[in-house]
Amino acid sequence: MTEKFRSGCPLLFLLIFLLVFIASCATNRTGELKRAEATQNLGNALVSEGKVRQGYAELLKAYKLDPKNPALNQDLALVCRNLGKYDLSLQYFNRALKFKPDFPEARNNMGTVYLLMGEWDKAIFCFKEAADNPLYETPQYAYNNMGTAYFNKGDYRKAIESYQLAIQTAGSYFVAYLNLAIAYRAQEDWEKALAACREANLIFPRDPVAHLLMGRLLLKVDKKEEAVEELKLVIKYGADGKEAKEAQVMLGALTNEEGPGDRGQ
């Protein structure tokens, strides 16, 4: 019995060593993941503050610690997109989807890169994949983006359908109403364009872009007095922005059209 016990000791010690080693590795890995998360949060905070390149550097540090993290790969993809590094952005999006195939947010954001690259069909594919995913909590973004891709292709009918789907999904979606008005304008359907623009103005009454669009549309249907009021609102809410400056030019042109005899009335 004694000899058997002695001959089993090395095996027992080896097993104990392996268990300790595995536990140590697990502890180290947990520490690495925590450091990666903290560095990722720092990187995203810096990006939010406008310190994009500093944030990018921190995200890359986090990536070295946790390269298979889907959310981290998407964060890097978004920063690369905003820096104009579209090919690198797509690489990170593909990695995010590789490690988390059911990731509609990444699929939608990937589509925005293709939008920026002018690859409309690839963008539409991404947006459709995202919108059709039942786990996607905000499909209105994908529908709106899809509308933009169709609009850029010159397919205004499908653009309108996509914007309408975005509005059906989220009724108070200002951007979708504004885009819908622009799509109707492209079809020269002035009344529907005005109706969509009015809805946008109801959602955000102080938005100078919507008021400027409304002013232009009203001029198309020869409602100059209403157009003047909209242009005044652009100046009121647009401060010194480009919309306010454009509205001032338009107002000046309308005043000149009235003629010298009308100005004093």
Side-chain angles (χ1 to χ4, degrees), residues 108 111-112 115-116 118 120 123-124 127-128 130-131 138-259 261-265:
N108 174 62
T112 65
L115 266 185
L116 291 167
W120 317 128
I124 289 166
F127 299 139
K128 191 174 187 309
T138 53
Q140 65 268 24
Y141 298 143
Y143 286 129
N144 181 68
N145 290 334
M146 194 187 310
T148 300
Y150 278 123
F151 184 89
N152 289 333
K153 280 189 71 173
D155 192 337
Y156 303 133
R157 182 183 61 81
K158 286 189 177 180
I160 288 168
E161 289 175 358
S162 299
Y163 295 138
Q164 288 172 336
L165 284 170
I167 291 165
Q168 288 172 18
T169 307
S172 298
Y173 193 5
F174 168 80
V175 174
Y177 273 114
L178 202 60
N179 286 335
L180 181 60
I182 292 169
Y184 278 129
R185 182 182 65 174
Q187 288 188 324
E188 299 186 357
D189 191 336
W190 312 119
E191 292 304 324
K192 287 184 179 179
L194 279 166
C197 199
R198 286 192 183 97
E199 291 294 332
N201 278 325
L202 286 174
I203 296 167
F204 283 131
R206 301 169 65 90
D207 186 82
V209 175
H211 285 296
L212 182 58
L213 177 59
M214 179 68 83
R216 290 172 176 161
L217 292 170
L218 288 166
L219 288 174
K220 284 289 185 181
V221 295
D222 203 28
K223 295 183 179 181
K224 291 185 180 180
E225 290 183 5
E226 292 180 44
V228 166
E229 294 306 311
E230 290 294 327
L231 294 173
K232 287 179 180 178
L233 290 174
V234 177
I235 295 168
K236 178 180 178 180
Y237 299 133
D240 296 323
K242 64 179 183 179
E243 290 84 10
K245 292 177 182 176
E246 187 172 344
Q248 288 173 341
V249 172
M250 291 174 69
L251 280 173
L254 288 171
T255 303
N256 290 334
E257 285 179 10
E258 291 175 359
D262 297 328
R263 293 179 189 174
Q265 294 180 359

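With a 4.5 Å cut-off on side-chain heavy atoms, L212 and M250 count as touching. In this structure, the side chains of E229 and L233 stay at 4.5 Å or more apart for every pair of heavy atoms. Residues L231 and L254 have side chains in contact (heavy-atom distance under 4.5 Å, counting atoms from C-beta outward).
Interatomic distance, Y156 OH to F151 CZ, rounded to the nearest 0.5 Å: 5.0 Å. Going from atom CD of E226 over to atom CG of L219 covers 10.5 Å, rounded to the nearest 0.5 Å. In this structure, CG in N108 is found 5.0 Å from CG in N145, a value given to the nearest 0.5 Å. Within the model, atoms CD of Q140 and OG of S162 stand 13.5 Å from one another, a figure rounded to the nearest 0.5 Å. Between I160 atom CD1 and L165 atom CG the span is 12.0 Å, to the nearest 0.5 Å. The OG1 atom of T148 sits 3.5 Å away from the OH atom of Y163 when rounded to the nearest 0.5 Å.
Applying the side chain to side chain donor-acceptor pair (under 3.5 Å) test to every pair with at least one member in residues 183-196, sequence neighbours left out, gives these pairs: Q164-Y184. Residue pairs meeting the side chain to side chain donor-acceptor pair (under 3.5 Å) criterion with at least one partner in residues 234-245, sequence neighbours excluded, do not occur; the list is empty.
With sequence neighbours excluded, no residue satisfies salt bridge (charged side-chain N to carboxylate O under 4.0 Å, His left out) with K223. Qualifying salt bridge (charged side-chain N to carboxylate O under 4.0 Å, His left out) partners for K224, counting only residues two or more places apart in sequence or in other chains: E257. For N201, the side-chain contact (heavy atoms from CB on, under 4.5 Å) partners at least two apart in sequence or on another chain are C197, A210, H211, M214, E230.
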What donor-acceptor contacts under 3.5 angstrom involve side-chain atoms of residues 173-182, with partners at least two apart or in another chain?
residue: N179; atom: ND2; partner: N144; partner atom: OD1; Å: 3.0
residue: N179; atom: ND2; partner: V175; partner atom: O; Å: 3.4

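Counting all heavy atoms, side chain and backbone alike, A227 lies closest to G215 at CB-O, 3.6 Å. When all heavy atoms of A244 and I235 are compared, the pair lying nearest together is O-CG1, 3.8 Å.
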